[in-house]
Amino acid sequence: MHTQQPATTTEQGMMLLSSRLAPPRLPNALVERERLLTALDEALSTPLTLLSASAGWGKTTLLSVWAHRQKMQVAWLELSELDNSPTRFWVALIAALRRCPDLPANVGENVVAQLQSPQPPPLSSCLTVLLHELEREPPHPAPIVLIVDDYQVIEESVIHQGMAFLLEHLPAHLHLILSSRVDPDLPLARLRAHGQLTEIRADELRFQEGEASQFLHKMLSPPLSEEELQLLVSRTEGWIAGLHLVALTMQKREDRTAYIETLTGSQRYLLDYVQEDILARLSPDTRDFLLHIAILSRLDAAVCQAVTAAPTKAASQHMLVLLERANLFLVPLDEERRTYRLHDLFREALLATLHTTQPELEPVLHHRVARFYEAQEQWAEAITHALAGADFSTAARLMEQTVEQFWLRGEAATMARWVLALPEQTVREHTPLLLTIALYLLHTVGQTTEVQRARVHQQVRQIMARVESILQRSVAGTAHLTATTGTGAGTVSLPEEARLYRRLRLLRAGMGGHEAIAALDFERLNALHQEMQELDQDEEVIWHILPLAFNFILHYRVWGEGARLVPQLLSAKEQVSLSGSLFANARVRQWLALAAVEAGQLRLAYQESLAALELIEQMAGYALLKGYFQTAQVEVLYQWNRLEEARGRLQTIIQDAATWQQSDLLTMGYIALMKVELASGDLSAVELSLHEFELLEEHRGYGGNWRWLPVIRARWWLAQGQVREASAWTTGLIFPEAAWEASLYDAFPVVMRVYFAELRWTEALELLERFSGNLGRSANSRITFTYLAQYMVALHHAGQNEQAHEVAARLFALTEPEGYLRVYLDEGEPMRQALEAFLFPHSHQHDLAASTMAYISQLLAAIAQEQPGANRSLVATPALAPGPSSAQQESVSPSAPGVSLTQREQDVLRLLGTGASNQDIARTLVIELPTVKKHVSNLLGKLGATSRTQAVALARARSLL
């Protein structure tokens, strides 16, 4: 399925909101209602103010007047029907807050990125981050009033839950005002009971006689008599829209008293007057223009030209100006008078008239607007109007084109609602679309809470039920035709039917896999994995990702055989690179990087992790999962002994994981950080991290699941010379003869180091040889390398030098090309003694290549620098550092031998070397994003590189990093 990439950036998307982020212009016939303005001033003593009344009671006008009078910061957001999506709603609300001058222009930037990601974190996490930003910027924040108008359009329960959370944790300097036609689904009773709510309702909003007199005096000449005024206020019950409508109607009437006496005061009756007394008096061209544009929630000359089929855009703009001058309920939304909206009640009356008098025209108008928005690549508006105009084929076509785009923006649930609204015939014609949307929905629950996962699974089941219903009717129809006519003419062909049933089974297995992973039910996961492999027969790349994901989980996490996946993932990378799917490309490269680490292919892992991170940067809101993509890179940096880079990366991972409540990533980050701190000899930092990790395990229970805490603690004891404590830990470990759990592979090397510290060489050798079948496996070179390193050490110290030489030769051949350091350095003094044996005149050095002897010398130098009192700043030397492959070198443009970089370019290059994105660099160096891009471009030119990856590799090769 062809996938269109996002047409606009987040910033451009926010610019589209501009007409809704400022109070509307004040009307000419304005009555400044001091009693209500004072009430709003006093309402700031409570966190929430609610204006609740039906249409036409002046809520928006009152708030607009109040906002224009304020000296404090006012953020304004006018909602529309399209905002009934959690992502769009909160992005719009943050855009409104950004208009406050005392807040940073990029406030909420990270939150927007996470909200618009395919797998957003829990909403409470996003809102917590936003609230923290609002509280700390500036140190003593000025009061902010956030006004949200037309909240009645919100029906999505997730948005209501988010607003309730926001209210519960609202900073003291932030006040929320909601305007709604109905009471919102918020905990109003509790807020009311605790004195945290101010309410202004229809009784307070209705015009009193004095206010009505001022209002009507500006519209009617001669003015009404006192009796007429009292009668009109009584008849309309102070309903402002009613007074406005009546005043417009009365402008050309002579029998005003009789006219007033006929009014009943009901809104429905007054809407009849709109049709009979306002529209009937307009010219046919003006009336038709109004009826046509009534289907639009926002008006400008371009869209009005499209819906009315006007000859020019200028003609539409001229008509809009005329309508505004005629006071025909047209509200300008900007100072330039380019964007408007119709008064809600007037628009409702127009729509009712259109539906009654020209019902056949409605779908035509919606179709015109859908085509207009499609040309503008405003897909949500285009699909909404296609659905409203019953043009379901167009809606389905647009959804097929943009399904991945909506998923990338975190709006897969929105598309699910749309597709569930399609009629049966359209579903029958576009059945694969439904299952594709279900698949993307399933890809939103990778790192979510149990509640979110259950909600998504329920939506997936609803979509699947529709497809199954269609398929069952298709089969029944085919059977009936076959029985009556002798021919089969089902609506779904047999190959297509088989494919759809296969996808249904794959989706069920995927949901079961998510549940099995959450429950750590690996037996069930094994069975589901087998089923998914049998079902993995689809021609569309995106359908391969689900079985590939669970195949990776089993091999990498459960069986500890990630190295076996490298050939399959290399093949998958070639396939997905042709698909154009950013998600598929990024995930396959991520898995390939992790599998390459297990296979001992550090250079491949580093290159693929960089490539995956570059893809993530293109995916805007996918940055939430950046930490998961960096784990392979951190392991490579660790093995290359580039500890400071690894530490910096891990600190960012941990901070982000804590912010977004990614407990599994937080656990992995702490484990890796403690390894780095142990390697650096920073034992106080290890102790601090151990304490934090223990608190995490106690609070969330994740540490116990990973079973890493005792292993790290034992390594810490050894580093401090507390061999007795470490030895006591080893007595409780049992290594079975059969298959091992993944945690045992991490514990065994530490047990060996305890034996080494106690000089128990023979016992260590016996254990290494006894479990060589578990440890010396090609399916996991990372484990094998550690095993061989320790086997070599044990053989040497046990006096079996010939065997030690054979093992060492095998290990050097595997690790030297990839630049391994820590696999040797982690064994400390026993390894130093073993390596030095290769340099003695009577050793087997004559059997080793000169490059290998240089490698051994560099290893010994690195170990020496880790001795107490030595300078521990060693990183991988240029000879061992990752450089461009031969293919890359051939494609790199030549550059001057001496590369001269400015200080700022050096700063940018250093951050590029840590895998930082352009946004990360801008934030760290406190510079604008375009400036970062300029520096990166300059660096590429000076280094003769064509990509960030090449630039980093070349810089390392030239000792610039």
Side-chain angles (χ1 to χ4, degrees), residues 24-40 51 53-66 69 200-283 286-287 290 322-331 342-350 353:
R25 289 171 53 85
L26 300 178
N28 294 328
L30 177 64
V31 177
E32 294 198 10
R33 313 175 69 187
E34 290 299 330
R35 60 184 179 87
L36 294 178
L37 296 172
T38 300
L40 285 173
L51 276 70
S54 58
W57 288 97
K59 301 184 295 296
T60 300
T61 301
L62 173 64
L63 290 175
S64 181
V65 172
W66 184 81
R69 292 192 357 169
I200 299 177
R201 297 184 172 274
D203 282 346
E204 291 85 14
L205 290 167
R206 69 177 75 253
F207 265 169
Q208 297 176 350
E209 281 190 19
E211 294 167 333
S213 177
Q214 294 179 47
F215 177 72
L216 294 172
H217 183 75
K218 298 177 181 180
M219 298 186 66
L220 294 175
S221 180
L224 294 176
S225 66
E226 186 173 346
E227 292 76 12
E228 289 172 333
L229 176 62
Q230 291 175 350
L231 183 58
L232 183 55
V233 171
S234 175
R235 286 284 191 266
T236 61
E237 299 179 358
W239 180 44
I240 300 171
L243 287 167
H244 193 181
L245 293 171
V246 171
L248 286 174
T249 307
M250 291 175 61
Q251 286 176 344
K252 297 182 180 180
R253 284 188 177 270
E254 297 181 358
D255 54 341
R256 297 196 305 192
T257 302
Y259 174 78
I260 294 172
E261 290 176 348
T262 63
L263 292 175
T264 65
S266 72
Q267 296 183 26
R268 180 178 177 182
Y269 191 69
L270 288 174
L271 291 179
D272 290 341
Y273 271 101
V274 171
Q275 298 175 10
E276 296 172 8
D277 286 14
I278 297 179
L279 294 180
R281 298 173 184 271
L282 297 175
S283 68
T286 304
R287 182 172 61 250
L290 279 170
L322 289 179
L323 292 177
E324 183 188 4
R325 290 175 179 172
N327 287 324
L328 284 174
F329 301 94
L330 199 64
V331 181
L342 288 167
H343 186 285
D344 289 340
L345 280 177
F346 191 56
R347 183 180 174 222
E348 290 172 9
L350 293 173
T353 302

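For R206 (side chain) and V233 (main-chain N/O), no donor-acceptor pair under 3.5 Å exists by modelled atom type. Q214 places no side-chain N or O within donor-acceptor distance of the main-chain N or O of E211, the cut-off being under 3.5 Å. A donor-acceptor contact shorter than 3.5 Å is absent between the side chain of R347 and the backbone of L342. A distance-only check finds no donor-acceptor pair linking the side chain of S213 to the backbone of E209 [under 3.5 Å].
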**OP:** Please test T60 against L51 for side chain to side chain contact (heavy atoms under 4.5 Å, CB included), starting from the C-alpha separation and ending with a verdict.
**Re:** CA-CA 9 Å; T60 300; L51 276 70; over 6 Å; no

**OP:** Start with the C-alpha gap between L40 and L62, add the side-chain angles, then the distance that decides, and say whether side chain to side chain contact (heavy atoms under 4.5 Å, CB included) holds.
**Re:** CA-CA 9 Å; L40 285 173; L62 173 64; 4.0 Å; yes

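Listed here is the closest heavy atom pair of K59 and A53: NZ-O, 2.9 Å. Taking each heavy atom of R69 and L37 in turn, the nearest pair found is NH1-CD1, 3.3 Å. The two residues L205 and R33 come nearest to each other via the heavy atoms O-NH2, 2.5 Å. The nearest pair of heavy atoms linking P24 to S64 is O-OG, 2.8 Å. Residues L243 and L216 come closest through the heavy atom pair O-CD2, 4.0 Å.
Ring pair F215/H244 is perpendicular by interplanar angle, where above 60° counts as perpendicular and below 30° as parallel.
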